[in-house]
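Okay, structure first, notes after.
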Number of protein chains: 4
Amino acid sequence: MTTDDFSELERRADPQAPGAPRRNKRGLATQQKLLDAAEAVFAELGYHDASIVKITERAGIGMGTFYLYFDSKRTIFEALVIDLNRRVRHSMAEAMLGAANRLEAERAGFAGFFRFTAEHPALYRVVREAELVSPEVLRLHYSRIVEGYVEGLRKAQAVGEVSDIDAEVAAWALMGIGEMVGARYILWERDGDGQRPGEIDPTVFADVMRFIETALAPRPAGHEAPGQEAAQ
Amino acid sequence: MTTDDFSELERRADPQAPGAPRRNKRGLATQQKLLDAAEAVFAELGYHDASIVKITERAGIGMGTFYLYFDSKRTIFEALVIDLNRRVRHSMAEAMLGAANRLEAERAGFAGFFRFTAEHPALYRVVREAELVSPEVLRLHYSRIVEGYVEGLRKAQAVGEVSDIDAEVAAWALMGIGEMVGARYILWERDGDGQRPGEIDPTVFADVMRFIETALAPRPAGHEAPGQEAAQ
Amino acid sequence: MTTDDFSELERRADPQAPGAPRRNKRGLATQQKLLDAAEAVFAELGYHDASIVKITERAGIGMGTFYLYFDSKRTIFEALVIDLNRRVRHSMAEAMLGAANRLEAERAGFAGFFRFTAEHPALYRVVREAELVSPEVLRLHYSRIVEGYVEGLRKAQAVGEVSDIDAEVAAWALMGIGEMVGARYILWERDGDGQRPGEIDPTVFADVMRFIETALAPRPAGHEAPGQEAAQ
Amino acid sequence: MTTDDFSELERRADPQAPGAPRRNKRGLATQQKLLDAAEAVFAELGYHDASIVKITERAGIGMGTFYLYFDSKRTIFEALVIDLNRRVRHSMAEAMLGAANRLEAERAGFAGFFRFTAEHPALYRVVREAELVSPEVLRLHYSRIVEGYVEGLRKAQAVGEVSDIDAEVAAWALMGIGEMVGARYILWERDGDGQRPGEIDPTVFADVMRFIETALAPRPAGHEAPGQEAAQ
DNA sequence: AATGAATGAGTATTCATTCAT
DNA sequence: GATGAATGAATACTCATTCAT
């Protein structure tokens, strides 16, 4: 399973974890300002070129104050990844509410993911660099999303809406598609002019979904998926 | 198309480009030693923690010598990405030689990609960080591989071995699957003990190929791919 | 005129310029320690062999602190030239206070200049090298002093104490004499034994002043300066 | 006196000194190419930014060849100063040939000096930096020229063409005037547009000569130089 | 709680000089 | 004699982190 042990990581990054200093309203606001600033600065400059001063300046607070809220540059980076991860999953889950079936849910989930990608380019950039800065938090990020996919796929398989493919492998494949397509067709699309990336092209979205849905579609009776016999 | 203009980038990184100093046998050996050392050091430490001294020490040459062969740290990084890209594509192409049909070719190509991933973990790590260090070379890397996929898909479509899905979008999806699955099931698998990652688990490989082949399979007559009508 | 535009240069080098960080008492002391150390180190080693570490060590502060006060090695060099220039002009002006006439003022001014040269050998050495490091600040230095001479000469001409020679050309000539004589008879005199250079030899001083005063003396009626007719 | 001991210095810098490797015609040509290149490069970049490679490239010879002709960067610098010094003195001496009297000779000498300054900006720049690079060669340069002045002044004094001022002090004053005026009115004049500096403005030249000639003029009988009595 | 002055470890890059060819 | 590849010492500058206020 992908549960691994991320608890220590999450505790360190969670400002409200037991043991963490209790903040009042103002303190919480400062913390949020720091996370927001970090999102912007890390996205723009990357982990190494981002500096604590730049983050605190952007947050409009004093440099020393930073260390009242985060232990280190790496800590706020991890907290940011975890925060973005929470939000992207929320965005996907929300989009999927009320989907009538797996097919609709799939579409809605990907749409939610792409929308978040467009609105928060930091997610992609920060996750990219996470491999080097904090491999653990990177794995946490992907694992959390994959867990959601797996759960959805398993439920759909139970009611025959998805083929009997290994749910976990399929989930990682979906994760890969989502990230690569998001990068290629949303983030890089307008990169040249420095504009904020916009929505994904609807035709591309349709093609991607067709690819995915075909891959997952339950095999019509009497039709074997290609390569089935050889592989297993 | 994905042709973009990478020529300037390639010229700068190509030690044999016209205009670059002509090397004799020994010079070429030194250059290769540097690239090999860079592969190891960048993979182990990442771009920022890698230092020129560490690279030259590993290459067994003097520090100043580095600058006789590469203009800067960034230049050797780009050269390394381009070199790895060339080799991974070679590895894939070689594996595909003699494939009887698209299906076999697909399998062989992915197998080649996964084998290279296992043998050269640097590829993944270096490409990850490239997003921040040199976005251009990152795009070059992905684009080059995608071009290969697109060409293969188009040929297969022409003979009815692959559905009429948009070849380019499908190619980016394949790229995403390959990278994510390679990371998850090859590189992270043995990460804890620092061992050199091994082969991909055959079962996982079979599942991945099934996923891909189903997605690309030509639709049996009379069967519409799901979601087709709505999307287009 | 020699007014040129040195304002930008002076603003950059002026630690109290508007826009520069406001320093408290301690900060100002640190800044002064840096300038003093720079004076000593630049004078001893020259611009290129002086290093930031040597300067900060001499100032008794941490290396990084340097960059809180000056943007770069070149900046502190320029600030030092401007500071020394201010002080040498102050030294000259002070000496000239209470001079009864141009003749006395001239003597006093040169005496002030020579005294400063003896007490601050850095002035000469730093100015010498400035030609290569920052030509602008070199011109500023000379121009500022020359401006003072010009003003004095013009006033003296108005009351008939100085001949009608072009004040500006005469001023540059005086500048040249002062610098060369100061170097030759003060700085080089004891150079061998590394001792701090002392006062100028009174006889030499008398000869120099006689040279200058003769050159500037108003022509007695009926006597043409030699070469007058031919040249103009 | 100003004889000091420059013999060792001259021997080291003199490529034809006994003990130096005997050169054939080709070797001498290479040596001259190096000196010419050094003049250009040092003048343009200053001692520190000039590099051996730049000099040898400009001379059109291989880098290693440099060390067959000069022991070090400093050595060629000193040789260059000595060479320029020889040439500027030659230029002055030549100009003075056939001067009818001290006055004419003085004019001619300064004209020769200014002409050389305009044609060889390297002289000024190289001499400026020499203070830091090789104080000995700097003193040699000035001393040699001053010796010439002293000799001339003494001869003129003997025939009553120059006042009884101390010849040596006067000579250093003249040296200072020549250098400062040359810098100000020749080299800096066109500095902005990077053009090769031209001739000195004839009016300025006339003013300078009037200043000098007045300073040196024999006192008309019955007229004491101002400040004479007080000073001595 | 908030601040920001002070610190010094860490690193890319240059270049005079050597020496094998 | 001529060459130029190889070397490594030397240095300006950045920035995460501490701590006195």
Side-chain angles (χ1 to χ4, degrees), chain A residues 21 23-24 26-27 29-31 47-57 60-76, chain B residues 21-24 26-27 30-31 48-57 60-76, chain C residues 21-24 26-27 30-31 48-57 60-76, chain D residues 21 23-24 26-27 30 47-57 60-76:
Chain A
R23 312 279 177 201
N24 56 20
R26 185 182 175 197
T30 302
Q31 194 155 55
Y47 182 78
H48 283 95
D49 288 344
S51 72
I52 303 295
V53 215
K54 280 171 190 151
I55 293 175
T56 51
E57 266 175 4
I61 65 174
M63 190 219 304
T65 310
F66 176 90
Y67 288 90
L68 298 176
Y69 291 90
F70 297 95
D71 285 346
S72 68
K73 189 181 177 182
R74 182 173 162 162
T75 306
I76 197 180
Chain B
R22 194 99 31 201
R23 312 278 177 203
N24 56 18
R26 185 181 173 201
T30 302
Q31 194 155 56
H48 284 95
D49 287 343
S51 74
I52 302 296
V53 218
K54 281 169 191 154
I55 293 176
T56 52
E57 267 176 3
I61 64 173
M63 193 220 302
T65 310
F66 175 90
Y67 290 91
L68 296 179
Y69 292 90
F70 296 95
D71 285 344
S72 67
K73 188 180 176 182
R74 182 173 163 162
T75 306
I76 197 179
Chain C
R22 195 95 35 198
R23 311 281 176 200
N24 56 19
R26 185 181 174 200
T30 301
Q31 195 155 58
H48 284 95
D49 287 342
S51 75
I52 303 296
V53 216
K54 281 170 191 153
I55 293 175
T56 51
E57 267 175 1
I61 63 173
M63 193 222 302
T65 310
F66 175 90
Y67 290 91
L68 296 179
Y69 291 91
F70 297 94
D71 286 343
S72 67
K73 189 181 175 183
R74 183 174 162 162
T75 307
I76 198 180
Chain D
R23 311 278 176 203
N24 57 19
R26 184 181 175 203
T30 302
Y47 182 78
H48 284 95
D49 287 344
S51 73
I52 302 294
V53 215
K54 280 171 192 151
I55 293 175
T56 51
E57 266 176 2
I61 65 173
M63 191 218 304
T65 311
F66 176 90
Y67 289 90
L68 298 177
Y69 291 91
F70 296 96
D71 287 344
S72 68
K73 189 181 179 185
R74 183 174 160 161
T75 306
I76 198 180

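Side chains included, hydrogens not; waters and symmetry mates left out as well; all remaining heavy atoms used. Each chain gets a letter, A, B and so on, in the order the sequences are listed, and its residues count up from 1. Nothing here was measured: the structure is a model prediction, and the numbers come from that model.
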Looking at F/dA12, I'd like to know if its phosphate oxygens (OP1 or OP2) sit under 4.0 Å from a side-chain N or O belonging to C/Ser72.
no

What is the separation between atom CD1 on B/Ile55 and atom C1' on E/dT13, rounded to the nearest whole Å?
14 Å

On DNA chain F, nearest-nucleotide positions of B/Gly62 versus C/Phe66: which is more 5'?
B/Gly62

Separation of atom CG in B/Leu68 from atom C1' in E/dT13, rounded to whole Å
12 Å

Nucleotide nearest B/Thr65 when distance is taken to its side chain, options F/dT17, F/dA6, E/dG8
F/dA6

Bracket notation of DNA chain E in which parentheses pair within the strand, [ ] cross earlier pairs, and | pairs with another strand (Watson-Crick or G-U, under 3.5 Å):
.||||||||||||||||||||

Selected nucleotide, minimal atom distance to A/Thr30 side chain, candidates E/dT17, E/dA5, E/dA2
E/dA2

Of the candidates F/dT7, F/dA16, E/dA2, the side chain of A/Arg26 sits closest to E/dA2

What do the steps show when you test D/Tyr69 against D/Ile76 for side chain to side chain contact (heavy atoms under 4.5 Å, CB included), and what is the final call?
CA-CA 9 Å; D/Tyr69 291 91; D/Ile76 198 180; over 6 Å; no

So which atom in D/Lys73 and which in D/Tyr47 form the shortest heavy-atom distance, rounded to 0.1 Å?
NZ-O, 2.8 Å

What is the distance, to the nearest angstrom, from the NE2 atom on A/His48 to the P atom on F/dC13?
22 Å

To the nearest Å, how far apart are A/Ile52 CD1 and E/dA5 P?
17 Å

Calculate the interatomic distance between D/Lys54 atom NZ and E/dT14 atom P; express it in whole Å.
10 Å

A/Gln31 atom CD is separated from E/dA1 atom P, nearest whole Å, by 12 Å

Choosing from E/dA16, E/dG10, E/dT3, which nucleotide comes nearest the side chain of C/Met63?
E/dG10

What are the two closest heavy atoms between D/Ile52 and D/Tyr67, and how far apart are they?
CG1-OH, 3.9 Å

Could you pull out the protein-nucleic contacts involving nucleotides 19-21 of chain E (nitrogen or oxygen on both sides, under 3.5 Å)?
none

Would you kindly give the CD1-to-P distance between D/Ile61 and F/dA2, to the nearest whole Å?
8 Å

Candidates E/dT7, F/dG1, F/dA6 - which lies nearest the side chain of B/Tyr69:
F/dA6

Return the OG1 to CD distance between C/Thr65 and C/Gln31, rounded to the nearest 0.5 Å.
12.5 Å

Distance in Å, D/Met63 CE paired with D/Ser51 OG, rounded so as to fall on 0.5 Å steps
8.5 Å

Sorted by chain and residue number, the side-chain hydrogen bond (donor to acceptor under 3.5 Å, both in side chains) partners of D/Ser72 (sequence neighbours excluded) come out as D/Thr75

Between C/Gly60 and B/Ala50, name the one whose nearest nucleotide on DNA chain E is closer to the 5' end.
C/Gly60

Minimum heavy-atom separation for B/Asp49 and B/Lys54, please, with both atom names.
O-NZ, 3.2 Å

Nearest-Å distance for atom pair CZ/P, residues D/Phe70 and E/dT18
16 Å

